[in-house]
Amino acid sequence: MKNEKIIYDNLKNFIDNCTEKNYRTPDYKYNIALPTKGEPILFKNNELHKLVNNIIEDKVLGENFSGGAEKFLTNKIMDMITSYKYIKNRSTDYVAQKIINMLKEKKVPYTFFLPVYGIKVSSIYPENYKNIAICPAKYKNDQINNFIKTKNLKKSDRLSEEMNTTDSKKSYIFIKVYANNSETAKELSLSYANDLILALHSIYSNIDNSYIIGIGDDEDYTSSISALYYKDDGIIQETSRRKDNKSFPLQVDLSLTNSENNILKVFMSILNNKIKNNQSIKAEDIENKIYSSIKYIGRATIESNLEQAFLDLMIAIESLVEEKDFSQNITDQICERCAELLSNELETRTSMYSKLKALYTKRSNLVHGSKKPKITLSDLYYLRGISLQLCIYFVKNIEKFKNINWHDFYLKLRFN
């Protein structure tokens, strides 16, 4: 409540500093809002953005707004100020409280169907979905038709045309998010859908070859570029090259038995739980660790820049085994834990520890600006293998790690 009172007072100060002036000679420090009636309203843009930023970062009032909702919120606040203060002549206290009430409005479900390319399903996947799944075009059309019928709505010509011309082989990400404004809902839906695409890459693609899958239509992806080049022999040539040098145009077919991949099933379960009420129910710590690691494996897998892919894989490993409240340095922590978790043989553990420590030296040099290391494909193969093995280990033992004391667990996990 203390923070709410501070934001309420800041709102009042901002509202009182908005002024009606002749917009032909405005103070250069001000921006202009044009109400439907009356004089233009001048306000300090930097003060408005500071206010909105404080709202979004507040743990209570900002809970309903994503980081990308800033533009929506700035427009909404100015619309309310011009409407209530300058058109309806309401008091500053009244307007400030109206804005506070708007910030605290209840979340409602928004249902999206986002088109995807490169992914094939013959029925909804997974079957026991709650808030996110991949579905065929028929399922999307059936859901929309049922909604129209239930709400007794009239289908627009544009919607009818879109549904009638939809490719029956096309797939969609169905996603239901919870928000109190459309801007946050749209941002959340794209964010979670992209996380799902990265999870698919982490499982089905690899460092050398990645599926051409993504959100949108096939034409949204351009796999090749044309370029001119010449050598000292004086001949100029043109070449066509795949821009990431690794994509191949095959579909991920989730209708096949390989869709039973345990990592994907767990990821989908965690993702469904995350979306519910936008994490008002806190996820288990182990679930957050697995979720983050799978995302970074996916990012590394499709990243064409070797250095960035290397760093992403390091983050994927750190997401699972890093714990900072130890006197042991981070490098030793991570290298030792990976070796202990993934092997029972002392010789293998020692070899893995040494290899990871050498790779962490490369990471340190790369991040901290020392002598630039040479990152190789072999480095990426090795790190991706380690990160996936760790994911498999934690997925298989996920129940064991719920409500665990990580400090005690890792304290016991030391070389003998």
Side-chain angles (χ1 to χ4, degrees), residues 1-21 23 26-35 40-88 90-110 112 175 177-195 274-283 288 291-292 295-296 299 315:
M1 293 297 293
K2 180 180 178 181
N3 285 349
E4 181 177 323
K5 178 66 167 57
I6 292 172
I7 290 175
Y8 176 81
D9 289 341
N10 289 340
L11 272 168
K12 287 174 60 178
N13 290 334
F14 177 77
I15 293 167
D16 285 337
N17 286 328
C18 291
T19 58
E20 288 184 296
K21 291 186 178 180
Y23 73 93
D27 187 311
Y28 73 94
K29 294 180 181 178
Y30 288 82
N31 280 46
I32 302 174
L34 300 174
I41 308 303
L42 303 185
F43 63 94
K44 290 186 177 180
N45 198 43
N46 62 328
E47 291 298 323
L48 175 60
H49 283 284
K50 181 180 177 181
L51 176 63
V52 168
N53 187 63
N54 288 338
I55 291 172
I56 289 177
E57 292 189 354
D58 185 77
K59 291 182 179 179
V60 178
L61 294 180
E63 182 186 1
N64 289 334
F65 300 92
S66 60
E70 183 175 348
K71 185 175 181 180
F72 163 84
L73 202 49
T74 55
N75 291 336
K76 182 70 174 178
I77 288 174
M78 285 310 303
D79 285 346
M80 293 181 74
I81 291 173
T82 56
S83 174
Y84 289 111
K85 178 74 174 178
Y86 293 99
I87 296 178
K88 297 180 180 179
R90 300 288 190 175
S91 68
T92 297
D93 285 334
Y94 179 91
V95 180
Q97 190 58 54
K98 272 287 188 181
I99 293 173
I100 292 291
N101 293 343
M102 177 272 295
L103 299 177
K104 297 163 71 173
E105 284 177 359
K106 185 179 178 181
K107 296 175 184 176
V108 296
Y110 288 76
F112 292 84
I175 181 167
V177 297
Y178 299 82
N180 80 343
N181 64 89
S182 58
E183 202 62 35
T184 294
K186 287 185 282 187
E187 184 177 349
L188 287 173
S189 68
L190 284 172
S191 176
Y192 288 130
N194 276 312
D195 288 353
K274 273 183 171 288
I275 294 172
K276 185 177 181 180
N277 294 323
N278 192 20
Q279 285 188 291
S280 62
I281 300 174
K282 188 178 182 296
N288 288 328
Y291 188 88
S292 178
K295 281 201 307 178
Y296 277 101
R299 284 180 56 171
I315 295 172

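Just so you know, these numbers come straight off a predicted model, no measurement behind them.
Scanning for side-chain contact (heavy atoms from CB on, under 4.5 Å) contacts around Asn181 gives Phe65, Ala69, Phe72, Glu183, Thr184, with sequence neighbours left out.
One finds the CZ atom of Arg299 at 10.0 Å from the CG atom of Asp195 (value rounded to the nearest 0.5 Å). In this structure, Tyr192 OH and Ile275 CD1 are separated by 6.0 Å, a value rounded to the nearest 0.5 Å. Put simply, CZ on Phe43 and CG on Leu51 are 11.5 Å apart, with the number rounded to the nearest 0.5 Å. Separating the OH atom in Tyr84 from the CD1 atom in Ile99 is a distance of 9.5 Å, to the nearest 0.5 Å. Rounded to the nearest 0.5 Å, atoms CG (Asp79) and OG1 (Thr74) are 9.5 Å apart. Annotation: the span from Leu11 atom CG to Thr92 atom OG1 amounts to 10.5 Å, rounded to 0.5 Å.
Here the side chain of Glu187 pairs no donor or acceptor atom with the backbone of Ser66 at under 3.5 angstrom. In terms of modelled atom types and a separation under 3.5 Å, the side chain of Asp58 and the main chain of Asn54 share no donor-acceptor contact. A donor-acceptor pair under 3.5 Å is formed between the side chain of Asn64 and the backbone N or O of Glu105.
Nearest heavy atom pair, residue Ala179 against residue Tyr110, reads O-CE1, 3.4 Å. In terms of heavy atoms, Met102 sits closest to Asn180 at O-ND2, 3.5 Å. Residues Val95 and Met80 come closest through the heavy atom pair CG1-O, 4.2 Å. When all heavy atoms are compared, the tightest approach of Ile15 to Tyr86 is O-OH, 4.1 Å.
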Could you walk me through whether Lys12 and Asp16 pass the salt bridge (charged side-chain N to carboxylate O under 4.0 Å, His left out) check?
CA-CA 6 Å; Lys12 287 174 60 178; Asp16 285 337; over 6 Å; no

side-chain contact (heavy atoms from CB on, under 4.5 Å) evaluation trace for Arg90 with Lys98
CA-CA 10 Å; Arg90 300 288 190 175; Lys98 272 287 188 181; over 6 Å; no

Trace of the side-chain contact (heavy atoms from CB on, under 4.5 Å) decision for Leu61 with Asn3
CA-CA 9 Å; Leu61 294 180; Asn3 285 349; over 6 Å; no

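With hydrogens and angles left out, the side-chain atoms of Asn288 and Lys274 include a donor and acceptor closer than 3.5 Å. Asn101 and Gln97 share a side-chain donor-acceptor pair at under 3.5 Å.
Side-chain contact check for Ile55 versus Leu103: some heavy-atom pair is nearer than 4.5 Å. Side chains of Leu48 and Met78 form a contact here, defined as non-hydrogen atoms less than 4.5 Å apart.
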